[in-house]
Number of protein chains: 2
Amino acid sequence: MNAKPPTSLDVARLAGVSQATVSYVLNDRPGARVSDETRERVREAAERLGYVPHAGARTLRTGRSGLILISMDDVPYGPLAIGMLEELDRELSRRGYTLVQYGARRLRGVPAARAWAELRPVAVLAGAGKLDEQAVAVLRSAGVKAVVALGAHSSAVTASVVVDHAGIGALAAGHLIDRGCRTIAAVVPAEPGLREMGEHRLSGARRVAEARGVPLTRADLPFSEEGAAALLDVWRRVDGVFAYNDDYAMLLMTVLRDAGVAVPGDVRMVGCDDLPLATLLRPRLTTVRIDVSAMPSLLARRLEELMEQEAPAEPDHIHPWNPVLVVRESS
Amino acid sequence: MNAKPPTSLDVARLAGVSQATVSYVLNDRPGARVSDETRERVREAAERLGYVPHAGARTLRTGRSGLILISMDDVPYGPLAIGMLEELDRELSRRGYTLVQYGARRLRGVPAARAWAELRPVAVLAGAGKLDEQAVAVLRSAGVKAVVALGAHSSAVTASVVVDHAGIGALAAGHLIDRGCRTIAAVVPAEPGLREMGEHRLSGARRVAEARGVPLTRADLPFSEEGAAALLDVWRRVDGVFAYNDDYAMLLMTVLRDAGVAVPGDVRMVGCDDLPLATLLRPRLTTVRIDVSAMPSLLARRLEELMEQEAPAEPDHIHPWNPVLVVRESS
DNA sequence: TTGAAAGCGATACCAA
DNA sequence: TTGGTATCGCTTTCAA
């Protein structure tokens, strides 16, 4: 068990050929002509030794690693995001790249960029919040071809994937107004990790409400029954609520029922995410479902472009969301 | 932008010293004595060039990568798992290792092991299902010091982290019987990804039920109202249900209410996970909370042991779960 | 206190 | 059709 891992030289010796031949055979390089007999000998030797190439050595020699880093603390959890990641992984590995999630210990800016750059990845995907101009420069100078920011608005400094939270808010508010609501509230979670997204959803809702002349109040809501109950006068004052997401909608519906406020009779309610619980609530919850099925292939294609061209790309963005309203009973 | 990334040789030249000195300074090796003045010059040169060391080259030279791979499709999603991962990441990076999630494109067995082995990680954590004996052998021969299986029971072939689903079922069943239930049912999700865990939870419940002379029926339940309604005769026949988890419990409570079955009057109900929705349901849901707070440091310590010792470890296991019953109104 | 140079494993050029 | 060998970036021994 202390034997060192077999190298291509070991394979070469066992097969009675040179290291170069081993490399040709194992990567079957189109240019090189090797007899079928030697091919076979090499393959067999590699098999017998349990040879596995050394990615680091290959990277060193070729200058390209095929590694694509995605920062794990920027990937929201939940089945939706996980499914997307799996699909992205599949798309990228089909193209010969290796997707890995690397958190970089909650670092941001230049320190995070340094940690990532050590691995000499060919692309880095990270939350827009961790990629300032200098961080992008560090990555670029370490040879990273594609730097992509993930966030709610496009980055001025690099290409980005924009997740359109404002559009969700707009859709929800528009629906409430269509249903006849004359004063609406939009929930912004008080939880630090969620507040920013909440504000983006709010801004979209506000835009639509203003355009249509409906007053909108912002409700900063911590996720607890007491928190929701403390805002009871808000819920009583409006006739429509965009609850940020389905979990908050459930919280509100529970508190409103306990307080004797009828949904949708007194106040109409819209959630977001179309979680399983949405159809289990009574009344069943109207919600915004986000269709991200187009995102993985879109992103993979864009990455491939970026990785293959020489110059760094203009800061543009792709916008692969498609929010859809699912109307049920709560609105 | 086509300039190649700066190397330690570039730094050396700019600082007017040798490559060796750069290495000494930047890793501040205790053995080597370098004057403060040269230290400063080297640091400044590195800074000016934006030098970032090349992890692959270092690995090649030292033979150790510091990379720890965890297979991403074996990490269950949800805030609990994410928090655990973050903590594990922190523990490991504090010890100088780099934790990376790598899915290996849904491979298993030897092909997955090869993919991982290319990166020459120092440890690999993966679902017990993807690590057969040969896969472990491949990893070992590629120099991976610690191979740890993640699963519901301990592996015969390598060290493992055992997540004690049976214990959850046992706790839930014991509680129901304590409350006076005389016939109970345990839900096993029909969904492929969940069924196996469901069966482990079931087995624990069954063990306790048998020991205490209470009949237990298995209920294979797809996550839908129709599915739950189709089993109505089961729910009517028993006076206690362990619902697998909180989501399934909510599903059942909805369907039972619609069918006029009272909880906990006619049937007592226990969930698992202590999700936020558990306190929002009416009646509030009794559930099993899983305390994994001890796991990250335990696992990190064990990994460190394994990585530092020479011989591969005996297949032992750590068992870092601590299920706790949270009694509310549904039971 | 610092430098020269060997070597880690794989690739790719140039010869044979 | 195959082999020899320089090279990638870094660490580390040995000399100076």
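Lettering of chains follows the sequences in order, A, B, ..., and the numbering in each one begins at 1.
Residue A/Pro53 has its side chain nearest to C/dA10 when only C/dA10, C/dT2, D/dC8 are considered. In this structure, of D/dT2, C/dA10, C/dA5, it is D/dT2 that holds the atom nearest to the side chain of A/Val34. Nearest to the side-chain atoms of B/Ala57 among the listed nucleotides D/dC10, D/dG4, C/dC8 stands D/dC10. With C/dT11, D/dT2, D/dT11 as the choices, the nucleotide that has an atom nearest any side-chain atom of B/Gln19 turns out to be D/dT11. Of the candidate nucleotides C/dG9, C/dA12, D/dC10, C/dA12 has the atom lying nearest to any side-chain atom of A/Thr62.
At C/dG9, none of the side-chain N or O atoms of A/Thr7 fall inside 4.0 Å of OP1 or OP2 (strictly under the cut-off). For the OP1/OP2 pair of D/dT2 and a distance below 4.0 Å, the side-chain nitrogens and oxygens of A/Thr21 include no atom meeting the criterion. Contact annotation: B/Ser23 reaches the phosphate of D/dT11 (side-chain N/O to OP1 or OP2, under 4.0 Å).
Projected onto DNA chain C by closest heavy-atom contact, A/Leu9 and B/Gly16 fall at different nucleotides, the more 5' of which corresponds to B/Gly16. The nearest heavy atom of DNA chain C to B/Val17 and to A/Ser8 marks one nucleotide each, and the one closer to the 5' end goes with B/Val17.
Nucleotide C/dG7 holds its C1' atom 10 Å from the NZ atom of A/Lys4, rounded to whole Å. Here C/dG9 presents its P atom at 8 Å from CG of A/Asp10, a figure rounded to the nearest Å. Rounded to whole Å, the distance from CZ on B/Arg64 to C1' on C/dG7 is 19 Å. If you take CZ of A/Arg58 and C1' of D/dT7, they are 17 Å apart, rounded to a whole angstrom. Separating the OH atom of B/Tyr24 from the P atom of D/dG9 is a distance of 20 Å, rounded to the nearest angstrom. The distance between atom CG of B/Leu119 and atom C1' of C/dA10, rounded to the nearest whole Å, is 15 Å. In this structure, B/Arg61 places its CZ atom 12 Å from P of C/dA6, rounding to the nearest Å. Atom C1' of nucleotide D/dT1 and atom CG of A/Asp28 are separated by 16 Å, given to the nearest angstrom.
Once rounded to the nearest 0.5 Å, the distance linking CG of A/Asp89 with CD1 of A/Ile70 reads 10.0 Å.
Side-chain contact of A/Thr38 with A/Ser35: a donor-acceptor pair under 3.5 Å is present, judged by distance alone. With hydrogens and angles left out, the side-chain atoms of A/Ser8 and A/Gln19 include a donor and acceptor closer than 3.5 Å.
At least one donor-acceptor pair closer than 3.5 Å links the side chain of A/Thr7 to the backbone N or O of A/Leu9.
Using a 4.0 Å heavy-atom cutoff across all strands shown, A/Thr38 reaches sugar-phosphate atoms only and no base atom.
A salt bridge links B/Glu91 and B/Arg94; the closest N-O separation between the charged side-chain nitrogens and carboxylate oxygens is under 4.0 Å.
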